[in-house]
Amino acid sequence: MRGFVCAQQQPLFRIRPLVGPLPKIIDAHAHLSERGDDALARFAEMNSLRYTLDGLLESMRENNVGRGLLLSPPLRSGVPLPNEEVFGLCRRSGGLLSPVVTVEPSAKEVRAAIRLAESNRKEVKAFKVRLGYVKAPAVSPLFEGLYDYAESEGLPVMFHTGDTVTSTGDLAKSHPLTLDALANKREELTIILCHFGNPWFEEVAELIYKHPRVYTDISGLTTGGGAYPDKFAGWLAGKISEAIYFAGGPEKVIFGTDYPITTYSDALDLVRRLDVDEGDREMILWRNAETVFKL
Ligand SMILES: [Zn+2]
């Protein structure tokens with residue numbers, strides 16, 4: 001995972017008091033476990049984040065983020081945190097976090113994921129496929145049952161796209177253009193390309209322009225250290241702004257952090273830097289997610 005920490009700046013969104021209506025910003029892509037073998041713990045450390053449920057909820061509150069979708073982080077063994085543990089964390093969040101079910105490519109895992117979604121219909125907001133980390137591509141027949149179910153229930157499927165957090169990831173499988181064939185075949189399926197396909201921003205611009213049900217999130221784009229943090233953040237904002245112009249608007253772009261990989265302040269700083277209208281920023285920060293995930 002490449003990227004740089006953005007310079008800390010004044011908060012764009014005023015911190016609100018603890019009482020009153022929930023702030024509207026939605027983080028559509030956060031990870032958490034409270035386990036010692038969580039492979040993302042090193043990012044939490046690097047970003048000086050308290051990687052616990054309390055720490056995440058406090059970060060959200062401080063940054064005026066009202067709701068979040070919680071995804072399974074990878075464990076050091078390479079497998080994702082069991083979905084049941086994601087559900088447990090969401091239950092403890094008092095309704096602030098909703099689960100996304102991670103689906104691995106096997107008939108057994110697909111069946112288990114569908115069962116879990118069936119028995120928690122109100123809670124589950126989407127599925128997630130870890131392209132680039134698992135051996136199967138998006139169009140694998142192993143996922144057919146999942147796509148059938150997701151289509152019939154109107155549940156989006158989120159796909160990791162682009163750069164992988166480990167140097168052994170398979171970029172040929174996480175390349176965003178691999179989703180074109182799936183979107184052609186399944187016009188009813190809502191597809192979300194996570195991380196804007198980083199660094200294949202133009203490819204994602206074309207996909208969100210071409211396909212009525214293909215969206216993207218801007219999570220996990222700034223992290224780590226680097227010599228040109230400010231220039232890098234500006235470059236990213238330029239790429240995303242241009243993609244929005246190409247796509248004809250911000251309707252397909254969704255805010256997310258990839259917590260703990262990117263901090264809330266850096267992720268919000270990226271939105272602040274986009275060269276778009278205030279109304280469009282609002283769509284990116286919460287309106288689009290509210291519609292797509294039916295929140
Ligand atoms: Zn992620």
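We number each residue from 1, following the sequence as shown. For the numbers below, each heavy atom of this structure counts, side chains included, while hydrogens, waters and symmetry mates do not. Both ligands and their constituent atoms are indexed starting at 1 by order of listing.
Take the N/O/S atoms of Asp258: the one nearest the Zn ion (ligand 1) is OD1.
Salt-bridge formation is detected for the pair Glu153/Arg121: a Lys NZ or Arg NE/NH1/NH2 atom is positioned less than 4.0 Å from an Asp or Glu carboxylate oxygen. Salt bridge status for Glu144 with Lys185: present, with a side-chain N to carboxylate O gap under 4.0 Å. Salt bridge Asp217/Lys252: absent, no basic N to carboxylate O contact under 4.0 Å. Salt-bridge check for Glu187 with Arg213: failed, with every basic side-chain N at 4.0 Å or more from each acidic carboxylate O.
At a cut-off of 2.8 Å, His31 coordinates the Zn ion (ligand 1) through an N, O or S atom. Put simply, Cys194 stays out of reach of the Zn ion (ligand 1), with no N, O or S atom under 2.8 Å from it.
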